[in-house]
Amino acid sequence: MPSAPALPTSERPGTRAQRDSGPRPAPARAALLRSLGHHLSAHAFLIGAVLCFSLFSWYPMVREFLLAFQRTEDGRTTWAGWENLRTVLADPAFWQAWRGTLLFTGLALVLGFAVPFVVALVINEFRHAQAYLRLLVYLPVMLPPVASVLLFKYLYDPGHGLFNTVLAALGLPEQQWLQDPDTAMLSVVIAATWMNMGGATLIYLAALQSVPGELYEAAELDGAGLLRKIWHVTVPQTRLVLSLMLLMQIIATMQVFTEPFLLTNGAGPEGATTTVVYLIYQYAFNFNDYGAAAALGLLLLVLLSGFSAAYVRLSRTAEDA
């Protein structure tokens, strides 16, 4: 009787099991392990970010809040209640610092908020060399702030500075830019605008390039000129970006310190460039009164937080209307 044909090796019973090194996990279990490993990695990165943010942002805020109601003498810390706040309010430099800060903010909104938008409008009209112009505008932001401020301090020099040289060439009277109380703050604002306008210009330019070209074509067919197209097309289409940049501009300018500190040694002529943050620096590092410095910083925090909340509320009301 003929024997049955031999089966191929790959089809013999038990051969696959013999080749396996061990039991294989079920598909559901393998998917669960992969998902668990993925989530553990994500949570590890998230926990690290939260710890860093807590250490460098939340802890200083909580510490400042506590210092505002404490007083340290001879290495002993005691609760002072509202004493630090009363000390700050009774200081004549307090109101002078707020006047200087509000003046800087107002001038910075006229220059630092409007000039980058106008520059972005001009760059957006170019069809060529936009990359070069963006680099040229953003270049001051890449320079160290101290180097930029010292450059302007040289330009403002009353003896051989570039600005007075240009004025003399035009037959105009030379100015004591940083030594005159009437021009000191404006000089600081001009320097700060040149240093920081690059980032805002690029943000405005990105917003402008997202505006549909059909809207400008329709405006031209209706006979709209350049200013009317900007007012009725560009501004409404970029309103969200403009609102956000306005809020960030106010918050940043209310905390100005570097420019007046390096250009006019902080206070400036007759205290013309004194700001709130500079007064905080004075309390902490010149008077060694950390409680008063923390109290003034807390006042600034409350003011900016209240302004931000009111601004957001009004923005939402305007959008719902």
Side-chain angles (χ1 to χ4, degrees), residues 85 88-119 140 145-146 148-153 155-158 161 163-164 167 173-197 199-200 242-284 286 292-293 295-308 310-311 314:
L85 185 59
V88 169
L89 293 176
D91 189 352
F94 173 80
W95 301 107
Q96 186 180 32
W98 279 108
R99 284 195 300 270
T101 301
L102 293 177
L103 176 60
F104 180 89
T105 301
L107 293 175
L109 289 180
V110 174
L111 296 178
F113 182 73
V115 171
F117 186 69
V118 174
V119 173
V146 175
S148 300
V149 172
L150 293 180
L151 171 63
F152 267 87
K153 194 169 186 177
L155 297 178
Y156 286 134
D157 188 273
F163 292 159
N164 276 342
L167 292 178
E174 298 181 0
Q175 301 292 328
Q176 299 290 324
W177 297 99
L178 299 176
Q179 293 75 25
D180 189 348
D182 296 330
T183 59
M185 184 60 79
L186 179 60
S187 302
V188 173
V189 171
I190 293 174
T193 301
W194 183 84
M195 291 169 52
N196 303 306
M197 65 176 290
L242 290 173
S243 301
L244 179 61
M245 293 300 295
L246 177 63
L247 178 61
M248 294 178 63
Q249 178 87 4
I250 293 175
I251 293 176
T253 53
M254 291 286 287
Q255 303 177 69
V256 63
F257 173 77
T258 304
E259 291 85 354
F261 182 74
L262 294 177
L263 285 174
T264 62
N265 296 324
E270 301 179 11
T273 60
T274 304
T275 62
V276 173
V277 178
Y278 175 72
L279 188 58
I280 294 174
Y281 169 84
Q282 288 280 86
Y283 279 131
N286 290 344
L296 184 54
L298 185 61
L299 284 177
L300 182 61
L301 173 65
V302 171
L303 176 65
L304 292 179
S305 300
F307 171 78
S308 301
Y311 186 85
L314 292 175

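It should be emphasised that the depicted structure is a prediction, and the values quoted were computed from it without experimental measurement. No hydrogens, no waters, no symmetry mates; every other heavy atom, side chains included, goes into these values.
For Asp182, the side chain to side chain contact (heavy atoms under 4.5 Å, CB included) criterion is met by Asp180, not counting sequence neighbours. Partners of Leu247 under the side chain to side chain contact (heavy atoms under 4.5 Å, CB included) rule, at least two apart in sequence or in another chain, are Ile251, Phe307, Ser308, Tyr311. Residues satisfying the ring pair (Phe, Tyr, Trp, His ring centres under 6.0 Å) test with Phe163, not counting sequence neighbours, are Tyr156, Trp177. Among residues two or more places apart in sequence or in another chain, the side chain to side chain contact (heavy atoms under 4.5 Å, CB included) test is passed with Ser305 by Leu301. Partners of Leu109 according to the side chain to side chain contact (heavy atoms under 4.5 Å, CB included) rule, which considers only residues two or more places apart in sequence or in another chain, are Thr105, Phe113, Leu246, Gln249, Ile250.
Shortest non-hydrogen contact noted between Gln255 and Val277 is CA-CG2, 3.5 Å. Among all heavy-atom pairs drawn from Leu151 and Trp194, the shortest one is CD2-CH2, 4.3 Å. The two residues Ala272 and Pro181 have their closest heavy-atom pair at CB-O, 3.8 Å. Contact detail for Glu259 and Asn196: the closest heavy-atom pair is OE2-ND2, 3.7 Å. When every heavy atom of Phe104 is checked against every heavy atom of Thr253, the shortest pair comes out as CD2-O, 3.6 Å.
Remark: side-chain polar atoms of Thr183 are paired, donor with acceptor, to backbone N or O of Gln176 under 3.5 angstrom.
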> For Phe152 and Val188, what are the C-alpha separation, side-chain angles and deciding distance, and is it a side-chain contact (heavy atoms from CB on, under 4.5 Å)?
Replying inline: CA-CA 9 Å; Phe152 267 87; Val188 173; over 6 Å; no

> Could you go step by step and tell me if Met254 and Leu303 meet the side-chain contact (heavy atoms from CB on, under 4.5 Å) rule?
Replying inline: CA-CA 10 Å; Met254 291 286 287; Leu303 176 65; 3.7 Å; yes

>> Walk me through whether Asn164 and Asp157 qualify under side-chain contact (heavy atoms from CB on, under 4.5 Å).
In response: CA-CA 8 Å; Asn164 276 342; Asp157 188 273; over 6 Å; no

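Proximity of Pro158 to Gln179: side-chain heavy atoms (C-beta onward) are separated by under 4.5 Å at one or more points. Met197 is not listed as a side-chain neighbour of Pro140, based on a closest heavy-atom distance of 4.5 Å or more.
Expressed to the nearest 0.5 Å, how far CG of Leu85 lies from CG of Leu296 amounts to 9.5 Å. Of the inter-residue distances, the one linking Ile280 atom CD1 with Leu300 atom CG reads 5.5 Å to the nearest 0.5 angstrom. Atoms CG and CG, from Leu150 and Leu155 in turn, are 11.0 Å apart once rounded to the nearest 0.5 Å. Remark: Ile190 CD1 to Leu186 CG distance equals 4.0 Å, nearest 0.5 Å.
For residues 91-103, the set of pairs meeting the side-chain hydrogen bond (donor to acceptor under 3.5 Å, both in side chains) definition, not counting sequence neighbours, comprises Asp91-Tyr283.
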Which donor-acceptor pairs under 3.5 Å do side chains of residues 261-270 form with protein atoms, sequence neighbours excluded?
residue: Thr264; atom: OG1; partner: Pro260; partner atom: O; Å: 2.9
residue: Thr264; atom: OG1; partner: Thr273; partner atom: OG1; Å: 2.7

